Peer 1: 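This structure is in structure tokens; I'll ask about it shortly.
Because the structure is a prediction, the values reported are computed rather than measured. We name chains A, B, ... by the order of the sequence lines, and we start the count at 1 in each one.
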There are 2 protein chains.
Amino acid sequence: MSESKLPRPTDGELAILRVLWERGTSTVREVHEALNRREPEEGTGYTTVLKLMQIMTEKGLVERDESQRAHVYRAKATEQRTQRQLVSDLMERAFGGSPARLAMQALSSRKTSPQELAELRQLLDSLEGADE
Amino acid sequence: MSESKLPRPTDGELAILRVLWERGTSTVREVHEALNRREPEEGTGYTTVLKLMQIMTEKGLVERDESQRAHVYRAKATEQRTQRQLVSDLMERAFGGSPARLAMQALSSRKTSPQELAELRQLLDSLEGADE
DNA sequence: GGGCATCTACGAAGCCCTTCGTTGACATCT
DNA sequence: AGATGTCAACGAAGGGCTTCGTAGATGCCC
């Protein structure tokens, strides 16, 4: 029962999760530095990141190991799982629940590499094959 | 210059926009009734909807005609335009800017009808055709 | 040990979103 | 005209998100 529903992460929380997914488990300092390397103009303070991560711990979005003086955090949900949740959410709220309309909007909004198009085609094949 | 960037609508605002897209121009009362027909358990009050729509007017998300006693509102951006914005947003924040990964996640998250799959296939064809 | 750097914890402030009660204007019906 | 119902406007309250200053604990180096 440890897999109950996690809340939808906010923009700030998502930025932190992205660092954790990319780097693996990290301390607050590491996350803070990664964020400011990625977005030098934003400049969020150290304690701001710390506070966010503390709240995320309360919400269950991350877990932390307090055995070291500098606590070590890790994302509780995988990147895939979170992406699925966010997509489902947007699909319901803005696309009337239609995955295809969302997918088409995504593909139209930016150029996609031939390789990715091929992967998509493959996915379509498998979806059509598995009709029930 | 009337086409500047509109802010990302909140969840509540998006629900109202959906009513306006579906019904066309509407009064507050009409929106309120449509929402409570759609989500009977939620039960947002009339003044709540009114307040939201007033704020949306300030933000530029909707426009209103005040010539009648019951003001008539209409969405300022089309459904398509808003969907594109929301998708781009999510793509940047959670998918590292990759449209294909977002599309695949969308298609995996829910069963898609054969007809929609066919439409998608067609879109893929046209995208591949238009390589530069 | 004293001084310095690093880290967590706490709390407050500011802003936005949502909700709703109240008020005053306006219309309609009798 | 007076009663009733509908409407926009306003303000306030509550909660969540973000930001940061400050304090207290801990580790390290001379």
Side-chain angles (χ1 to χ4, degrees), chain A residues 5-20 25-36 38-74 82 86 89 93-94, chain B residues 5-20 25-36 38-74 82 86 89 93-94:
Chain A
K5 268 235 210 61
L6 298 180
R8 168 153 53 115
T10 67
D11 289 5
E13 289 167 349
L14 190 54
I16 290 174
L17 286 175
R18 290 231 276 157
V19 173
L20 290 178
T25 61
S26 308
T27 65
V28 175
R29 173 144 313 275
E30 288 165 339
V31 170
H32 174 240
E33 280 169 2
L35 284 179
N36 286 7
R38 196 182 298 217
E39 319 271 355
E41 67 286 356
E42 310 239 345
T44 46
Y46 173 87
T47 54
T48 300
V49 177
L50 169 64
K51 181 67 161 185
L52 267 181
M53 293 175 78
Q54 286 171 346
I55 293 177
M56 290 169 77
T57 304
E58 288 171 18
K59 291 186 184 174
L61 289 172
V62 299
E63 281 174 335
R64 73 179 162 197
D65 173 2
E66 312 183 0
S67 66
Q68 303 303 118
R69 185 160 102 89
H71 299 175
V72 177
Y73 290 77
R74 71 174 194 80
T82 306
L86 290 172
D89 214 79
R93 282 181 311 138
Chain B
K5 269 235 209 61
L6 299 179
R8 166 151 57 112
T10 67
D11 289 5
E13 290 168 347
L14 189 54
I16 290 173
L17 286 175
R18 291 233 276 156
V19 173
L20 289 178
T25 62
S26 309
T27 65
V28 175
R29 175 145 310 277
E30 288 165 340
V31 171
H32 174 239
E33 279 169 4
L35 284 178
N36 285 9
R38 198 182 297 218
E39 318 272 356
E41 68 286 356
E42 309 238 345
T44 46
Y46 172 86
T47 55
T48 301
V49 177
L50 169 65
K51 181 67 161 186
L52 268 182
M53 292 175 78
Q54 286 171 345
I55 293 177
M56 291 169 77
T57 304
E58 288 172 17
K59 290 186 185 174
L61 289 172
V62 297
E63 281 173 334
R64 75 181 159 194
D65 172 1
E66 311 183 359
S67 65
Q68 303 302 119
R69 185 159 101 89
H71 299 175
V72 178
Y73 290 77
R74 69 174 194 81
T82 306
L86 290 172
D89 213 79
R93 283 182 310 141

Peer 1: Round to a whole Å and report the spacing from CG of B:Leu14 to C1' of C:dC17.
Peer 2: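 It works out to 15 Å between those atoms.
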Peer 1: Would you tell me if any nitrogen or oxygen in the side chain of A:Gln54 comes within less than 4.0 Å of OP1 or OP2 on C:dA9?
Peer 2: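 True: A:Gln54 side-chain N/O within range (under 4.0 Å) of C:dA9 OP1/OP2.
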Peer 1: Give me the one residue out of B:Val72, B:Val31, B:Ile16 that meets side-chain contact (heavy atoms from CB on, under 4.5 Å) with B:Ser26.
Peer 2: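 Result for side-chain contact (heavy atoms from CB on, under 4.5 Å) with B:Ser26: B:Val31.
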Peer 1: Quick one: are B:Leu20 and B:Met56 in side-chain contact, heavy atoms under 4.5 Å?
Peer 2: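 B:Leu20 vs B:Met56: side chains apart.
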Peer 1: Hey, does B:Ile55 have a side-chain heavy atom less than 4.5 Å from the side chain of B:Leu61?
Peer 2: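 SC-SC contact between B:Leu61 and B:Ile55 ruled out.
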Peer 1: I want to check something: taking the side chain as every heavy atom from C-beta on, are A:His32 and A:Asn36 in contact at a cut-off of under 4.5 Å?
Peer 2: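 Answer yes - side chains close enough.
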Peer 1: Rounded to the nearest Å, what distance is computed from the CD atom of residue A:Glu30 to the P atom of nucleotide C:dT8?
Peer 2: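 Going from A:Glu30 (CD) to C:dT8 (P), I get 11 Å.
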Peer 1: Which heavy atom of B:Val62 sits nearest a heavy atom of B:Met53, and at what distance?
Peer 2: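 Where B:Val62 meets B:Met53 most closely, the heavy atoms are CG2-O, 4.0 Å.
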Peer 1: Just wondering, do B:Thr44 and B:Leu52 contact through their side chains at under 4.5 Å, heavy atoms?
Peer 2: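 No. Closest side-chain heavy atoms not under 4.5 Å.
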Peer 1: Starting at CZ of A:Arg93 and ending at C1' of C:dC17, how long is that distance when rounded to a whole Å?
Peer 2: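 One finds 14 Å between C1' of C:dC17 and CZ of A:Arg93, rounded.
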Peer 1: Checking contacts here: which listed nucleotide (D:dC7, C:dC7, C:dT18) is nearest the side-chain heavy atoms of A:Arg29?
Peer 2: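 The answer is C:dC7, which lies nearest to the side chain.
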Peer 1: May I ask you to say what B:Ile55 touches in the nucleic acid, namely base, sugar-phosphate or nothing, with a heavy-atom cut-off under 4.0 Å?
Peer 2: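 It contacts base atoms.
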Peer 1: Taking only N and O in the side chain of B:Thr10, is any of them less than 4.0 Å away from OP1 or OP2 of C:dT18?
Peer 2: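 Yes, such a contact exists.
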Peer 1: Does C:dA9 have OP1 or OP2 sitting under 4.0 Å from an N or O in the side chain of A:Arg64?
Peer 2: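 Looking at the OP1 and OP2 atoms of C:dA9, one of them is under 4.0 Å from a side-chain N or O of A:Arg64.
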Peer 1: Set out, line by line, the N/O atom pairs under 3.5 Å between protein and nucleotides 20-22 of chain D.
Peer 2:
residue	atom	partner	partner atom	Å
D:dC20	OP2	A:Gly45	N	3.3
D:dC20	OP2	A:Thr48	OG1	3.3

Peer 1: Can you tell which of B:Lys59, B:Arg8, B:Arg18 makes a side-chain hydrogen bond (donor to acceptor under 3.5 Å, both in side chains) with B:Glu13?
Peer 2: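 Testing B:Glu13 for a side-chain hydrogen bond (donor to acceptor under 3.5 Å, both in side chains) against B:Lys59, B:Arg8, B:Arg18 leaves exactly one candidate, B:Lys59.
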Peer 1: Which whole-number value in Å describes the distance from B:Asp11 CG to C:dC16 P?
Peer 2: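 Rounding to the nearest Å, CG of B:Asp11 and P of C:dC16 are 18 Å apart.
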Peer 1: Report the distance from atom NE2 of B:His71 to atom P of D:dC7, rounded to the nearest whole Å.
Peer 2: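 After rounding, the gap between these two atoms is 11 Å.
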Peer 1: Can you tell me the distance, in whole Å, between the NE2 atom of A:His32 and the P atom of D:dT19?
Peer 2: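 Spelled out: NE2 on A:His32 to P on D:dT19 is 10 Å.
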Peer 1: Whole angstrom is fine here: how far is it from CE in A:Met56 over to C1' in C:dT8?
Peer 2: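 Whole-Å distance recorded here is 17 Å.
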Peer 1: Walk along nucleotides 25-30 of chain D from 5' to 3' and tag each nucleotide B, S or - by protein heavy-atom contact under 4.0 Å, base first, then sugar-phosphate.
Peer 2: BBS---
Peer 1: Surrounding CD of A:Glu66 (heavy atoms of other residues, nucleotides or ligands, distance under 6.0 Å), is the total greater than 12?
Peer 2: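 Yes, CD of A:Glu66 has more than 12 neighbouring heavy atoms, counting only those of other groups under 6.0 Å.
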Peer 1: Check whether any side-chain heavy atom of B:Val19 lies under 4.5 Å from a side-chain heavy atom of B:Arg38, and answer yes or no.
Peer 2: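 Answer yes - side chains close enough.
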Peer 1: B:Leu50 has an atom CG; how far is it from atom P of D:dA12, in whole Å?
Peer 2: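 Going from CG in B:Leu50 over to P in D:dA12 covers 17 Å.
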